[in-house]
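Predicted model, so just to flag it, every value in this text is computed and none were measured. Side-chain atoms are counted along with the backbone in the values below, which use heavy atoms only and exclude waters and symmetry mates. So that the names make sense, note that chain A is the first sequence line, chain B the second, and so on, each numbered from 1.
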2 protein chains.
Amino acid sequence: MPIDRRPLREQIREELLSRLDRGHFAAGTDINEVALAAELGVSRTPLREALITLAGEGVLESNQGRGFRFAPVSRKEFRELCEIVAGLEALALDRSDPAYLREIAPELLRLARDFPDRIAEQHVIERHDDEWHDLLVSGCRNERLIDLITSVKAGLRRYAHLLAGDDTPLEREAAEHCRVAELLMSGDQAAAVQALRDNWVNGMERMMSRIPST
Amino acid sequence: MPIDRRPLREQIREELLSRLDRGHFAAGTDINEVALAAELGVSRTPLREALITLAGEGVLESNQGRGFRFAPVSRKEFRELCEIVAGLEALALDRSDPAYLREIAPELLRLARDFPDRIAEQHVIERHDDEWHDLLVSGCRNERLIDLITSVKAGLRRYAHLLAGDDTPLEREAAEHCRVAELLMSGDQAAAVQALRDNWVNGMERMMSRIPST
DNA sequence: TTCCTGTGTTTTGTATTCAGAATTCATAGT
DNA sequence: ACTATGAATTCTGAATACAAAACACAGGAA
C-alpha cells in the first residue's frame with residue numbers, strides 16, 4: 001500500500017474537519033494551539049498552517065493577537081453560503097457535458113431513491129448526500145470550479161450537525177434529488193439546473209429554523 | 001496615523017500580490033523561501049503562512065517536498081477562472097438591492113466613460129477596471145460572496161500583465177461597462193446581469209490569444 | 001464601591017534550529 | 001558515450017525557542 005506522503009497541514013486540516021462533523025467543537029469557541037497540537041501529536045507549526053487554510057475557507061476566523069476560533073454560526077452566514085454553493089453547483093451543472101449527464105442520470109436516480117432511511121446515522125446521511133452532489137458535478141471540466149465548490153462547502157460543515165433528528169427534511173431532499181435526476185434523464189439540462197437551485201434554496205429554508213438566532 | 005497592526009502574513013501576501021501585478025515573478029517559477037524571506041526582511045514562518053494562503057487562492061501551487069511556485073498560466077485555467085468570476089459577479093449583481101443599483105448607476109456610467117485612455121499606464125488601467133467592478137458589486141449584502149470574488153480574482157492577477165499593449169480591447173471593455181451601467185439606470189436588472197456575464201465572456205475571448213499556448 | 005494601574009501568567013506571533021527529502025554533480029561501470 | 005549509483009548540497013517540512021501581545025487579577029486611589 002502507498003504510504004501517506006501528504007504534508008501534515010493537509011492531514012491536520014482533514015482531521016479537524018472530521019472532528020467538526022462529529023460535533024467536537026462548539027461554534028464560537030477559541031482554539032488553544034498548544035493544547036490542540038499536543039492532542040493531535042504534532043507541533044504548532046503545521047497546526048497553524050492548517051488553521052490558516054481553514055480560516056481562508058471561512059471555517060475559522062482569526063483576530064490579531066487572539067488566535068483562531070470556530071466562526072460562530074448564524075442564519076445570515078448560512079444563507080450566504082447556500083446562495084453561493086447553489087450558484088456554483090448550478091454553474092457546474094450548466095457547463096457539464098450533456099451526454100455525460102445523461103449517462104450518469106440513472107445512477108443519480110438510484111442514489112436518490114436509496115437515500116438512507118431514518119434509521120441511518122447522521123454521518124451516513126451526510127456522506128450519502130455529499131456523494132450525490134459530487135457525482136452530479138463530476139462531469140464539469142472546470143477543475144477550478146470543482147475545487148472551489150469543495151472549499152466553500154467546508155464552511156457549510158459547521159452547520160451539518162444541526163440537521164440531526166427530524167426526518168421529513170430528508171424525504172424532501174431525496175424527492176428533489178430524484179427530480180433533478182429525472183430531468184437529466186429526459187435531457188432537459190436547463191430545467192435540471194433550476195431544480196438544483198431550488199433544491200439548495202429549499203434545503204436552506206428547511207435548515208433555517210434550526211439555527212440559533214445567535 | 002494608525003500604525004499597521006495586521007499579522008505579517010497578510011502584509012506579505014499583499015506585497016507578493018503587488019509584485020505579481022508588476023510582473024516581478026515569472027509564472028511557473030519556483031519560490032526560494034529563504035531568499036524571498038531575506039528579501040522581504042521577515043522570517044520563513046510568516047512567509048510560508050502567506051504562501052499557504054496564496055496557494056489556497058490558487059495563485060500558487062505546492063508540491064510535497066518541492067515547495068511553492070507560481071502556478072503556470074494556461075488558457076484552460078484562465079477560461080475557468082473567468083467563468084467562475086462571471087458567475088459570481090452575476091450572482092452578486094442579481095442579489096443586489098435594485099434601488100441601490102439605480103443610485104450608483106450614474107457613477108458607474110461616469111467611471112466607464114472616464115476609462116483611462118491609451119496613454120495611461122498599465123496598473124492605472126487595471127486599478128480603474130477593478131474599481132468599476134468593485135463598485136458594481138458593492139450593493140450585494142452577501143459578504144461571503146464579496147470575499148470569495150476578491151479571493152478568486154487574486155488568481156486572475158497572474159494574467160493581468162498580459163493585457164498590456166493593445167488598445168482596442170480597452171475600448172470594448174469601456175463600451176461594455178457603459179452598457180451595463182445604462183441597463184441599470186433603466187432599471188432592467190436582469191439584462192444588466194446578462195450584460196455583465198457577456199462582458200466577462202468577451203473580455204476572456206479578447207485575452208485568450210495573448211496567453212501562451214502553454 | 002468602582003475604576004484605574006501595574007504585575008504576573010497565558011497564549012499567540014515570529015524567529016531559529018533541526019531533520020529529512022529532492023536535486024545536483026561527479027564517478028564508475030557497461 | 002551513456003547510464004546508473006552515490007555522495008554532497010540545497011531546500012523544504014516540522015519542531016523548538018524566543019518575543020510580544022492579550023488576559024487575569026490584585027492592590028490602591030478617587
Rounded to the Å, how far apart are [X] [atom1] and [N] [atom2]?
X	N	atom1	atom2	value
B/L51	D/dC11	CG	P	15 Å
B/F68	D/dT12	CZ	P	9 Å
A/L8	D/dT12	CG	C1'	13 Å
B/R69	D/dC11	CZ	P	17 Å
B/I12	C/dA15	CD1	C1'	12 Å
A/R9	D/dA14	CZ	P	7 Å

For this session: Check the side chains of A/N202 and A/E176 for a donor-acceptor pair under 3.5 angstrom, ignoring hydrogens and angles.
Result: yes

Problem set entry | Nucleic acid contacts of residues 29-49 of chain B, taken as heavy-atom distances under 4.0 Å to DNA chain D | B/I31, B/N32, B/E33, B/R44, B/R48

For this session: Over 60° means perpendicular and under 30° means parallel, so classify the ring planes of B/Y159 and B/F78, tilted if in between.
Result: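 The arrangement is tilted - the two ring planes meet at 30° to 60°.
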
For this session: Look at the aromatic rings of A/H133 and A/W200 and report parallel, tilted or perpendicular, splitting at 30° and 60°.
Result: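 It falls in the tilted class, 30° to 60°.
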
Seminar exercise, completed: Heavy-atom nearest pair, B/R144 first then A/L81, reads CG-CD2, 4.0 Å

Exercise. What pair of heavy atoms forms the shortest contact from B/L47 to B/E33, and how long is it?
Worked result: CD2-O, 3.3 Å

Problem set entry | From B/S96 atom OG to B/R141 atom CZ, the distance as rounded to the nearest 0.5 Å |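 Going from the OG atom of B/S96 to the CZ atom of B/R141 covers 7.5 Å.
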
Exercise. Which residue lies toward the 5' end of DNA chain D, A/P7 or A/G65, if each is placed at its nearest nucleotide?
Worked result: A/P7

Exercise. How would you label the contact of B/R5 with the nucleic acid (heavy atoms, under 4.0 Å): base, sugar-phosphate, or nothing?
Worked result: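 The answer is sugar-phosphate, as B/R5 gets under 4.0 Å only of primed atoms, P, OP1 or OP2.
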
